[in-house]
Amino acid sequence: MMRRARTPQDRSAQRRATIRRLLAGGGFCALAISLLLVLQSPAGAQDTSVVAPSIAAMPNTLQQPKAPSAFSKNKNGNPLFGPVAPVDAKQPLYLQDDELIYDNEGNRIIARGNVEIYFNNYILLADEVIYDQGANTLSAVGNVTLKEPNGLITRGERITLTDDFRDGFVQSLSVTARDDTRIAAERAIRREGNITEFQNGRFTPCKPQGDMPPLWCISAARVVHDQAAATISYQDAWFELFGVPIIGLPYFQHADPSVKQKSGFLTPSYLNSEDLGFGIETPYYFALAPNYDFTFHPMYLTRQGILWQGDWRHRLSFGSITGMYTVKFAAIDQDASQLPGTAADNERFDGWRGSIETKGRFSLSSWWNFGWDVTLESDDYFRRFYKLDNILQSDRINQVYLTGLSERNYFGAYLYHFGGLMFEDTSVSEGRVHPVIDYNYIFADPILGGELSFNANALSFSRDYSKVEGPGESVMNRVVAEVNWRRRFIDPLGQTFTPFANLRGDIYTLHDVVDPVTLEVIEDEAETRGVASAGLLYAYPFVSNSATGAHVVEPIAQIIARQSSGSQRHLPNEDSRSIVFDDTNLFELDKMSGYDRVETGTRANVGLQYTYQANDGWFARFLAGQSYHLAGDNIYKDPGHVRVEHDGQLDLVPIYSPVSGLETARSDYVFAAYLSPSSIFRTIAQTRFDERDFSLRRADVFGEVKYGPLIAQTTYSYATFDPFSGTRTDQEDIFSVVGLQLTDRWSVLGSLRYDLDAGATIQDAVQLRYADDCFVLTASYTETFIDDPLRQLEEDRTLMLRFELKHLGEFHYKTDALDYFFAENQPGGTP
């Protein structure tokens with residue numbers, strides 16, 4: 001007969017008594033074992049990640065995706081189908097219910113009414129839990145919910161498990177992960193200890209919206225997860241969009257997302273180009289080891305053949321040395337007759353063409369790093385024609401480096417190779433640095449009460465003139481050493497005085513170098529140069545505090561004295577070619593960008609700075625200033641020239657800008673404004689005005705507005721005629737970007753680059769984007785109106801579609817073949 005247990009009076013305390021109090025002897029063991037069965041059941045499966053059909057799992061430690069996923073990862077990182085969390089059988093088990101029934105005739109124990117079981121941070125909720133001691137099974141019936149420590153929630157109407165910790169089935173199954181990824185099935189069976197089979201299952205990461213079907217899901221007659229083989233397979237599957245079947249797949253299989261890597265096919269990509277034709281790229285991923293892999297991704301192009309491509313990645317660790325390197329190759333057996341252009345021009349491209357790209361970075365210790373970034377290619381046009389670079393590049397820079405950084409010193413050694421990628425580029429456009437070494441050291445103890453530092457630079461540089469009219473291969477070696485000292489004084493009035501001194505010495509050895517003044521060849525020569533500088537920086541900040549903030553008005557003056565001239569105008573110039581005079585270098589000791597040129601004579605710099613810092617975060621700073629060359633040789637005047645080949649002829653161009661604003665005794669005026677009146681708006685303006693008529697010589701203005709769903713950015717640039725850059729007229733353009741979040745899921749972004757002086761659009765683009773918790777769609781349309789044969793730029797219109805399904809990967813399609821007129825317009829159209 002049945003014996004009913006007495007109902008406790010205090011449900012909040014007594015019903016949470018341990019199972020040891022509620023059941024005696026074998027009853028406790030039986031129910032404890034039964035609970036463990038629940039925890040080892042398919043209901044305890046823990047994956048929230050599923051990838052696309054025939055998609056390989058790649059290790060996160062090595063993966064370098066083309067575009068980051070738009071979806072967040074699980075906070076705990078545990079996948080839906082991952083290993084079951086270990087259970088500590090020594091932990092106490094707690095049971096709460098409305099009534100507990102002992103069925104001696106049926107050899108059963110029944111917990112009925114609001115049943116709650118707690119064990120190892122697992123929670124089992126059900127209307128009724130039945131333990132059959134004869135069959136060694138545990139059944140949870142009615143509104144069954146299993147909550148796991150990692151946040152996974154499994155729901156079902158009935159869960160039955162056997163005592164061997166392996167086999168069981170779930171009826172009306174629903175599994176919900178922490179990120180709301182769901183698997184629902186009519187029935188789930190676990191067999192052989194590691195295989196779970198879902199019948200009539202549906203998978204979706206999309207959150208439910210009432211009675212509406214999910215945006216997308218995958219349904220299949222059978223979904224089989226093999227935990228030992230780490231695979232998930234689908235039979236009779238359909239991809240559904242808003243509940244409507246779209247694509248049918250009789251069978252497909254992919255890696256269990258719980259594994260870090262597994263060999264297999266990755267998502268294919270497509271393109272359509274007038275020059276390349278239709279292309280399809282189907283990558284295959286080789287999971288060779290946990291720390292290295294290889295991706296083979298040939299692309300078939302209907303007009304050019306097969307472009308063979310492969311990516312090798314390797315992460316290393318030897319004691320304290322850790323790092324990673326990659327090697328990428330691309331090659332094609334080129335049929336020159338398929339290339340655009342004339343047969344004579346394309347004859348040199350017939351046969352094998354290709355490139356190898358390798359990058360590496362290694363941490364040798366806590367201070368030292370070693371790395372490289374090198375691209376070798378058969379010709380300058382291969383990577384551009386096959387669109388292997390993310391951006392259109394006009395130069396190729398290869399480097400190998402070793403750097404060390406500690407608290408007070410720095411060491412850097414770099415090897416460079418500079419190469420031009422334009423049609424008019426010759427061997428003169430290429431340079432080799434072998435190497436350049438920088439060393440900086442700051443002494444720990446004060447010297448004469450101030451800071452003493454030592455800087456050194458060594459450079460070995462060569463350039464090849466052999467293929468043009470010139471001396472052959474020129475070589476320049478240079479060593480620079482300098483000592484700097486500075487100290488700051490503040491008097492009782494608040495005035496600050498910062499005296500400083502600099503002592504510098506240079507040694508040059510030259511071989512077949514062109515003199516920038518006489519343009520004659522210096523065959524073999526050694527040159528020395530020394531510069532001693534001393535100066536004082538003075539500032540007197542006037543501070544006024546108000547109820548709203550602090551105002552600071554600060555006049556600044558600086559005087560720098562050097563010898564009147566130095567032996568440098570006949571030296572080559574390789575690293576001091578860029579001069580931008582603005583507020584950032586107004587009070588610098590030397591306004592040159594490198595070591596090959598150094599200021600001489602006496603110079604004074606003056607400025608007035610106003611700063612306002614509001615109590616509520618409002619900030620504004622203005623600076624106006626001017627520089628005066630008082631005596632000696634003004635190095636910014638008459639910079640010298642260098643020969644540059646153009647249309648088969650050698651032209652002379654300045655080695656740096658002769659109109660930098662510093663070439664006169666009184667420099668141009670520089671002004672700067674930094675405004676941030678609120679979190680909504682900020683702007684930066686840097687301008688330079690002519691010292692004679694106050695006309696605008698240069699301007700860079702940036703503004704940004706962020707207000708609710710709106711973000712807008714505008715950059716305005718203006719520069720006057722500069723023979724160094726080759727511009728014959730004033731250059732004035734504006735670039736604007738406007739983005740608007742239309743809804744929580746829809747957004748639109750537009751950009752425009754406009755040439756104001758030419759009155760023409762350079763580039764415009766518009767992007768429409770939809771993004772929710774499980775789906776991202778991006779449509780981009782870009783127009784480029786640049787037609788510059790020297791830079792291999794032609795007008796171009798491109799449409800790109802990209803969508804990403806959470807856990808399944810992304811698909812993208814790009815085309816420039818929009819119509820017959822714009823079809824041929826590819827950047828760098830000629831190979």
Side-chain angles (χ1 to χ4, degrees), residues 52 55 64-71 215-216 241 246-247 266-283 295 297-304 307 309 311 330 340 383-393 711 713 735-742 745-753 761-772 774-787 792-806 808-829:
I55 300 297
Q64 296 174 326
K66 296 180 180 178
S69 174
F71 308 107
L215 192 152
W216 68 269
L241 192 64
I246 303 298
I247 301 175
L266 303 178
T267 308
S269 62
Y270 309 89
L271 67 83
N272 188 14
S273 167
E274 183 67 17
D275 292 335
L276 304 179
F278 178 79
I280 180 171
E281 179 179 352
T282 306
T295 304
H297 52 107
M299 174 177 286
Y300 174 72
L301 303 166
T302 57
R303 295 200 174 187
Q304 303 299 333
L307 179 66
Q309 300 178 91
D311 301 341
R383 294 184 62 85
R384 183 186 303 115
F385 182 71
Y386 285 101
K387 300 172 178 56
L388 299 180
D389 294 319
N390 293 330
I391 61 175
L392 181 65
Q393 295 185 341
I711 179 172
Q713 296 178 344
F735 177 69
S736 297
V737 178
V738 178
L740 181 62
Q741 190 75 33
L742 302 174
R745 298 181 178 181
W746 286 96
S747 63
V748 63
L749 180 72
S751 65
L752 173 69
R753 184 180 295 276
T761 300
I762 300 175
Q763 186 183 68
D764 58 40
V766 63
Q767 180 187 94
L768 184 65
R769 188 173 190 264
Y770 173 87
D772 61 18
C774 63
F775 179 73
V776 175
L777 171 65
T778 305
S780 303
Y781 174 72
T782 304
E783 294 180 314
T784 302
F785 301 95
I786 303 176
D787 190 1
Q792 295 108 66
L793 296 177
E794 300 179 1
E795 293 184 353
D796 175 66
R797 295 187 178 183
T798 302
L799 176 66
M800 183 171 183
L801 299 176
R802 175 181 178 269
F803 64 84
E804 183 177 356
L805 304 174
K806 187 175 182 179
L808 296 187
E810 66 172 295
F811 171 90
H812 63 270
Y813 173 75
K814 183 176 183 179
T815 180
D816 69 331
L818 299 178
D819 54 48
Y820 74 95
F821 180 75
F822 290 101
E824 76 281 1
N825 295 317
Q826 285 287 336

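- In terms of the side-chain hydrogen bond (donor to acceptor under 3.5 Å, both in side chains) criterion, residue partners of R383 (sequence neighbours excluded) are, by chain and number, S355, E357, D389.
- By the side chain to side chain contact (heavy atoms under 4.5 Å, CB included) test, Q741 pairs with P709, S747, sequence neighbours left out.
- Nearest heavy atoms, G277 versus T302: CA-OG1, 3.3 Å.
- Partners of L271 according to the side chain to side chain contact (heavy atoms under 4.5 Å, CB included) rule, which considers only residues two or more places apart in sequence or in another chain, are S273, L276, M299, L301.
- Residues passing the side-chain hydrogen bond (donor to acceptor under 3.5 Å, both in side chains) test with S736, sequence neighbours excluded: T714.
- A cation-pi arrangement, defined by a distance under 6.0 Å to the six-membered ring centre and an angle within 45 degrees of its axis, is absent between R745 and Y770.
- Contact between L749 and G739 at its shortest, heavy atoms only, is CD1-CA, 3.7 Å.
- Partners of Y270 by side chain to side chain contact (heavy atoms under 4.5 Å, CB included), not counting sequence neighbours, listed by chain and number: P268, F278, I280, F811, Y813.
- In terms of the side chain to side chain contact (heavy atoms under 4.5 Å, CB included) criterion, residue partners of A765 (sequence neighbours excluded) are, by chain and number, S751, T782.
- In this structure, CG in L241 is found 6.0 Å from CG in L215, a value given to the nearest 0.5 Å.
- Note that CZ of F785 is 11.0 Å distant from CD1 of I762, once rounded to the nearest 0.5 Å.
- R769 contributes atom CZ, which lies 11.5 Å from atom CH2 of W746 (distance to the nearest 0.5 angstrom).
- Applying the side-chain hydrogen bond (donor to acceptor under 3.5 Å, both in side chains) rule to Q309 yields no partners; only residues at least two apart in sequence or on another chain are considered.
- For the atom pair CG of L777 and CD of E804, the computed distance is 11.5 Å after rounding to the nearest 0.5 Å.
- Shown here for A330 and L388, the closest heavy-atom pair between the two residues is CB-CD1, 3.7 Å.
- Taking T282 as the reference, nothing meets the side-chain hydrogen bond (donor to acceptor under 3.5 Å, both in side chains) condition, with sequence neighbours excluded.
- Closest approach of W216 and C774 over heavy atoms only: NE1-O, 3.0 Å.
- Here the straight-line distance linking atom CG of L805 with atom CZ of F775 works out to 6.0 Å at 0.5 Å rounding.
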